[in-house]
Amino acid sequence: MDAVIIVLIILVVLVFIALIKTIQVIPQASAAIVERFGRYTRTLNAGLNIVVPFIDTIRNRIDLREQVVPFPPQPVITQDNLVVNIDTVIYYQVTDARAATYEVASYIQAIEQLTVTTLRNIIGGMDLERTLTSREEINAALRGVLDEATGKWGIRVNRVELKAIEPPTSIQDSMEKQMRADRDKRAAILQAEGVRQSEILQAEGHKQSEILRAEGDAKAAALRAEGEAQAIRTVFESIHAGDPDQKLLSYQYLQMLPKIAEGDANKLWIVPSEIGDALKGLGGALDGFRGGGGGGGGSKSVKPPTERPSID
């Protein structure tokens, strides 16, 4: 009786194990390769799947989502014989689980080695300057070669990115010095341009100031001359309106003589010939005054000189 119970327990356990091996649940975006007696049978997709226990075996479970694989820096020689280290990142996706399992032993290692060799071929035809400025070109060339080669492996390469391009230390120092020199040059050019613009603006301002000052002086001189002309015209009209006689004019002429001799620089002054007429008229006026006053004595006529030099 005890042996029967033991056999029943063993049968229950075997049935339970068989059920577990019969029912296979595959997660979403995954696939499983089923082999029967070591030979490929089918690919299990996401969901609940039934297999034959102890006959069918799961060979490989593959993630069908897009994968990101960074590769370590690889030394690459450029066309001008400089060694640069390049880090790459590959974005790929398994599209055929069967091909990814049976067509290549390790598709990750195969992609890495293919990336390195392709990168060396591409960079070998470029100099350093072009390598540093042609990331998009290198990415496109890498992606084209990898996508074509990995197609038979059931792999699709979506993107290839160059994470870093590191030239030698000596080249980095030279590039840094060149960049610093370029920045200093641009700064000096900008400073010189600023000084030039400032001087131009100052010169323009000085020019405008001088023009305005000259225009003001010209207008002031014109107004002054116009005022003096108006004053002379007014005096002339007043004199003609008053109708002065010869005696008044002679007296005014004599009053202006001291002003002619004013100044330290006047060492010699000339008496104009018209002063004789003025003195003659004034002398006649004085004789008339004496004769009319009855002071006796006859009048004496004196002819004034026409010119007399005088030295202060």
Side-chain angles (χ1 to χ4, degrees), residues 27-31 60-194:
Q28 183 66 34
S30 298
N60 192 15
R61 294 178 183 268
I62 298 176
D63 193 344
L64 300 179
R65 295 173 297 178
E66 186 175 11
Q67 305 293 320
V68 180
V69 179
F71 295 143
Q74 299 293 331
V76 181
I77 301 177
T78 62
Q79 189 178 18
D80 46 358
N81 297 323
L82 294 175
V83 178
V84 295
N85 293 323
I86 300 180
D87 296 351
T88 55
V89 179
I90 303 296
Y91 296 80
Y92 73 93
Q93 186 176 11
V94 177
T95 58
D96 188 351
R98 178 183 176 278
T101 303
Y102 296 106
E103 295 295 334
V104 62
S106 173
Y107 55 82
I108 296 296
Q109 185 178 2
I111 292 175
E112 180 181 1
Q113 295 303 319
L114 183 60
T115 301
V116 172
T117 55
T118 306
L119 191 62
R120 287 175 179 172
N121 291 333
I122 296 174
I123 301 300
M126 298 181 177
D127 56 11
L128 179 61
E129 183 177 359
R130 185 181 174 189
T131 301
L132 295 175
T133 57
S134 303
R135 288 176 177 260
E136 293 297 330
E137 181 181 352
I138 298 173
N139 292 340
L142 270 175
R143 184 181 179 279
V145 174
L146 292 176
D147 196 26
E148 181 181 358
T150 58
K152 63 180 181 179
W153 300 340
I155 306 295
R156 182 177 68 244
V157 177
N158 297 326
R159 295 181 62 187
V160 180
E161 296 292 340
L162 300 183
K163 197 165 60 172
I165 301 177
E166 298 179 359
T169 305
S170 59
I171 300 299
Q172 292 182 9
D173 295 338
S174 300
M175 293 172 62
E176 185 178 355
K177 292 179 181 178
Q178 182 178 1
M179 293 174 61
R180 189 182 302 113
D182 290 340
R183 288 195 296 267
D184 295 341
K185 177 182 177 182
R186 288 194 297 268
I189 291 174
L190 291 176
Q191 184 177 2
E193 186 67 22

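Note that this is a predicted model, so its numbers are computed, not measured.
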Closest approach of Asn139 and Glu161, non-hydrogen atoms and distance? ND2-OE1, 3.5 Å
Those residues at least two apart in sequence (or on a different chain) that pass ring pair (Phe, Tyr, Trp, His ring centres under 6.0 Å) with Tyr102 are Tyr40
pair Phe71-Val116: side-chain heavy atoms closer than 4.5 Å: no
So which heavy atom on Gln79 is nearest to which on Gly125, and how close? OE1-O, 3.4 Å
Report yes or no: does Ser30 contribute a side-chain atom to a donor-acceptor pair with the main-chain N or O of Asp63 at less than 3.5 Å? no
Show your reasoning for whether side-chain contact (heavy atoms from CB on, under 4.5 Å) applies to Glu137 and Met126. CA-CA 11 Å; Glu137 181 181 352; Met126 298 181 177; 3.6 Å; yes
Roughly how far apart are Arg159 CZ and Asp147 CG, rounded to 0.5 Å? 14.0 Å
Which side-chain N or O atoms in residues 181-188 pair as donor and acceptor under 3.5 Å with protein atoms at least two apart or in another chain?
none

Residue set satisfying side-chain contact (heavy atoms from CB on, under 4.5 Å) with Ala110, at least two apart, ordered chain then number -> Val104, Trp153
Taking C-beta and beyond as the side chain, do Leu142 and Leu162 meet within less than 4.5 Å on heavy atoms? yes
Nearest heavy-atom neighbours spanning Gly154 and Ala99: N-CB, 3.8 Å
Kindly check if the number of other-residue, nucleotide or ligand heavy atoms within 6.0 Å of CD1 (Ile77) is above 12? no
Can you tell me how far the CD1 atom of Ile123 sits from the CZ atom of Arg130, to the nearest 0.5 Å? 9.5 Å
List the residues meeting side-chain contact (heavy atoms from CB on, under 4.5 Å) with Glu129, not counting sequence neighbours, and say none if there are none. Asp127
Residues Ile138, Val160; criterion side-chain contact (heavy atoms from CB on, under 4.5 Å); working and verdict: CA-CA 9 Å; Ile138 298 173; Val160 180; over 6 Å; no
Non-neighbouring partners of Val94 that pass side-chain contact (heavy atoms from CB on, under 4.5 Å), sequence neighbours left out: Ile62, Leu64, Tyr92, Ala100, Tyr107, Ile155
Measuring from atom CD1 of Ile122 to atom OG1 of Thr78, what distance do you get when rounded to the nearest 0.5 angstrom? 14.5 Å
Please round to the nearest 0.5 Å and tell me the distance separating atom CZ of Arg143 and atom OG1 of Thr150. 9.5 Å
Contacts under 3.5 angstrom, residues 81-91 side chains, donor-acceptor by atom type, not counting sequence neighbours:
none

Non-hydrogen atoms of Glu66 and Asn158 that approach each other most closely: OE2-ND2, 3.0 Å
Rounded to the nearest 0.5 Å, what separation is found between the CZ atom of Arg135 and the OG1 atom of Thr133? 10.0 Å
Answer yes or no: is there a side-chain heavy-atom contact under 4.5 Å between Val69 and Ile108? yes
In the structure I gave you, are the side-chain heavy atoms of Lys163 and Pro70 within less than 4.5 Å of one another anywhere? yes
